Amino acid sequence: MKFIIFLIMLISFLNADQYTFLLNKYDKELELEAKIISNIAIAAIKNEIKLYIPEISNVEKEVYSKFFNLSDSCENANFIYIKKSIDANSLCKNTQNEKIFFTNNYEKLLNDNRYLGAFFWNKSRPNITFIKNRLKEQKITLPDDYSNFVEDF
């Protein structure tokens, strides 16, 4: 009986690697997101980029730190990426003109003038959108590669 239990456990451990793809897929999707946000931040900010993501998880922190200098507060950052339903007004008081706000929520982008653009997933595909008027207000000139993502409202 002990031999059968041992054999079942051994087979389970040998097949356990087949199920780690779920975690690796999430890391790869998150890494793709971080790369895209990095490219956007580099295009928008010419100086050193200090990224702040409110309520960032440990996994996100590990992935994003490969591409950015992460900031612990909004006041020390120049690029704020709000991924969750958080009120940015309570985070960054009286410093909105100096910082670039980006979100992962298209509705939030449309309803809040603070956000320069949005990066979001739609039908398992990444989408990027910038608002033309807000780019002009913040005097940001994006490379021609991003012209397809600029919308005029």
Side-chain angles (χ1 to χ4, degrees), residues 13 15-153:
F13 285 124
N15 290 328
D17 286 340
Q18 295 177 2
Y19 298 104
T20 60
F21 69 92
L22 295 173
L23 180 62
N24 292 336
K25 182 179 179 188
Y26 174 73
D27 287 344
K28 294 202 183 303
E29 184 176 294
L30 188 60
E31 190 167 333
L32 176 62
E33 177 181 300
K35 285 179 184 178
I36 291 171
I37 294 298
S38 174
N39 288 338
I40 291 168
I42 289 169
I45 299 173
K46 306 305 179 214
N47 302 329
E48 178 187 4
I49 301 163
K50 294 180 184 174
L51 175 70
Y52 176 64
I53 301 175
E55 298 179 11
I56 189 170
S57 70
N58 290 333
V59 174
E60 290 172 325
K61 191 178 284 189
E62 183 180 325
V63 172
Y64 275 92
S65 65
K66 294 177 187 176
F67 303 98
F68 293 99
N69 290 328
L70 297 178
S71 177
D72 292 335
S73 69
C74 184
E75 287 74 22
N76 297 329
N78 56 3
F79 193 91
I80 293 88
Y81 182 43
I82 299 186
K83 297 178 71 169
K84 300 176 175 107
S85 58
I86 297 170
D87 181 24
N89 285 334
S90 63
L91 292 174
C92 303
K93 297 179 181 176
N94 302 324
T95 59
Q96 295 173 8
N97 295 335
E98 303 165 6
K99 301 176 186 313
I100 294 177
F101 284 84
F102 219 76
T103 185
N104 69 340
N105 186 324
Y106 187 71
E107 288 180 32
K108 193 182 284 190
L109 170 69
L110 296 178
N111 296 326
D112 194 338
N113 291 332
R114 200 178 14 214
Y115 295 104
L116 180 72
F119 169 77
F120 54 96
W121 295 91
N122 187 16
K123 297 180 183 176
S124 299
R125 298 164 97 184
N127 292 284
I128 304 168
T129 302
F130 296 97
I131 305 294
K132 187 175 185 178
N133 296 339
R134 297 177 195 168
L135 288 170
K136 286 181 182 179
E137 287 174 10
Q138 293 193 11
K139 299 175 184 165
I140 295 174
T141 305
L142 295 174
D144 292 336
D145 298 347
Y146 291 93
S147 63
N148 294 338
F149 308 115
V150 177
E151 295 182 13
D152 192 11
F153 288 105

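Just the heavy atoms: all of them, side chains too, but no hydrogens, waters or symmetry mates, feed the values below. Only a predicted model underlies this, so the values are computations on that prediction, with no experimental measurement involved.
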If you compare all heavy atoms of [X] against all heavy atoms of [Y], which two are closest, and at what distance to 0.1 Å?
X      : Y      : answer
Leu51  : Ile53  : CD2-CD1, 3.8 Å
Phe68  : Ala34  : CE1-O, 3.9 Å
Glu31  : Lys66  : OE1-NZ, 3.9 Å
Glu48  : Asn69  : OE2-ND2, 2.5 Å
Gln138 : Leu116 : OE1-CD1, 4.4 Å

Please examine the side chains of [Y] and [X], heavy atoms only from C-beta on, and report whether any two atoms are closer than 4.5 Å.
X      : Y      : value
Ile100 : Ile140 : yes
Asn105 : Tyr115 : no
Leu109 : Phe120 : no

Who passes side chain to side chain contact (heavy atoms under 4.5 Å, CB included) against [X], sequence neighbours left out?
X      : value
Asn76  : Ser71, Ser73
Ile42  : Ser38, Ile49
Glu151 : Tyr106, Thr129, Phe153
Asp72  : none

If you round to the nearest 0.5 Å, how far is [atom2] of [Y] from [atom1] of [X]?
X      : Y      : atom1 : atom2 : value
Leu142 : Leu135 : CG    : CG    : 5.0 Å
Phe79  : Phe101 : CZ    : CZ    : 11.0 Å
Asn113 : Arg134 : CG    : CZ    : 4.5 Å
Asp152 : Lys136 : CG    : NZ    : 7.0 Å

Main-chain N/O of [Y] paired with [X] side-chain donor or acceptor, under 3.5 Å:
X      : Y      : answer
Thr103 : Ile82  : yes
Lys99  : Glu75  : yes
Asn127 : Arg125 : yes
Asn111 : Glu107 : yes

Checklist entry - Taking atom NZ of Lys46 as the centre, does the number of heavy atoms from other residues, nucleotides or ligands within less than 6.0 Å exceed 12? => result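 Counting other residues, nucleotides and ligands, NZ of Lys46 exceeds 12 neighbours.
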Item to check | Between Glu33 and Tyr64, a side-chain donor and acceptor under 3.5 Å | outcome: yes
Checklist entry - In terms of the angle between their ring planes, are Tyr146 and Phe130 parallel, tilted or perpendicular, with boundaries placed at 30° and 60°? => result perpendicular
Item to check | salt bridge (charged side-chain N to carboxylate O under 4.0 Å, His left out) partners of Lys50, counting only residues at least two apart | outcome: none
Item to check | Test ring pair (Phe, Tyr, Trp, His ring centres under 6.0 Å) applied to Phe119 - qualifying residues, sequence neighbours left out | outcome: Trp121
